[in-house]
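Presented below is the structure to which this report refers.
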Amino acid sequence: MKLFSSVHDVTNIKALVAEALQLKQNPYAHQHLGNNKTLGLVFLNPSLRTRMSTQKAATNLGMNVMVLNIDKEGWALELRDGVVMDGDTVEHIREAAAVMGQYVDIIGVRSFPGLKNRDEDYNEVIFNKFIEYCGVPLISLESATRHPLQSLADLVTIEELKTKPRPKVVLTWAPHIKPLPQAVPNSFAEWMCRADVDFTITHPAGYELCADFTKGATITTNQEEALADADFIYVKNWSAYEPYGKVFPGNEDWMLTNQKLKNTNNAKVMHCLPVRRNLELSAEILDGPNSIVVHEAGNRVWAAQAVLKQMLENL
Ligand code: SN0
């Protein structure tokens, strides 16, 4: 694997999930692979889980890791071509990405969407410039439209904890106070549509995701109906795709509560985190027996390690 930006870069999803679960049993079996190899993690936005789990995964494989919070510690990056750089930006992404490629063997990049210009975000302008100029294999640490390491960890978690061959998985929209990216739900949908699960998406009218990511899913604006008999519930807020980046007032009653779990198959509740308690997800669920959010976050290590292992084998 030379690029991990979406489910489309994975040739065998089942094998990758199995690999992650195997690495969980035996984390240090492949330390030789990363000997004298360096991973660079470049963040244009905040991170807790992605940063720590990917770093842990790399060290389990014997790699060295460098982290650059380029939004805070780097020179202000210019992304546009053909401009006179007489303003606030100091360094062009052409040089910055190419130079990083001189220091590391694999790069991970986090680049959130601006949520202003849909074409720019959905064409992955920033992430694609890293692909173009860095010259080494690249991993998405959440781009404008996807969060594939999260989705892989989510699928690993479902595989690990399911109690029937084909569980019912429901992605439910959650309330928030600000517009959030569609990256996590897009990506989760894209992976679930290719997994051995019965997949439903539910959201208030107006929050339809881009259809490219949801083909094959059952989609409904009736949350109660969607949650019936669910085995796994994936909670996430996102802003509208159309009109792009907008949020609509109301819908506070979409927050998941213990009452709403009653009609499910004692569903396990997932969230990629960070989660705002009692706004997106009730504390009673987060602190109760149905929540698997911390276990899910733990599995981020094995997802990242499976991807890094495949890349190292290919260097
Ligand atoms: C990000 C998102 O894509 O929704 C990262 C999730 C892994 N989440 C946020 O930006 C949350 C910000 C907030 O204020 O709650």
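Both counts, for ligands and for their atoms, begin at 1 and track the order of listing. Predicted, not measured: the structure shown is a model, and the values here were computed from it.
Contact residues for ligand 1 (protein heavy atom closer than 4.0 angstrom to any ligand atom): Phe112, Glu142, His147, His176, Lys178, Leu180, Pro181, Lys236, Cys272, Leu273, Arg276.
Taking the six-membered ring where the residue is Trp, Tyr244 and Tyr241 present perpendicular rings, their angle passing 60° and hence far from 30°. Between Tyr234 and Phe188, the ring planes lie parallel to each other; the angle is under 30°, not in the 30° to 60° tilted range.
Between Ile107 and Cys134, some side-chain heavy-atom pair lies under the 4.5 Å cut-off. Side-chain contact between Asn299 and Asp154 is absent, with no heavy atoms from C-beta onward closer than 4.5 Å.
Of the candidates Thr172, Val235, Asn237, Trp254 forms a side chain to side chain contact (heavy atoms under 4.5 Å, CB included) with just one, namely Thr172.
The residues Asp81 and Arg94 are annotated as salt-bridged, a charged nitrogen and a carboxylate oxygen being separated by less than 4.0 angstrom.
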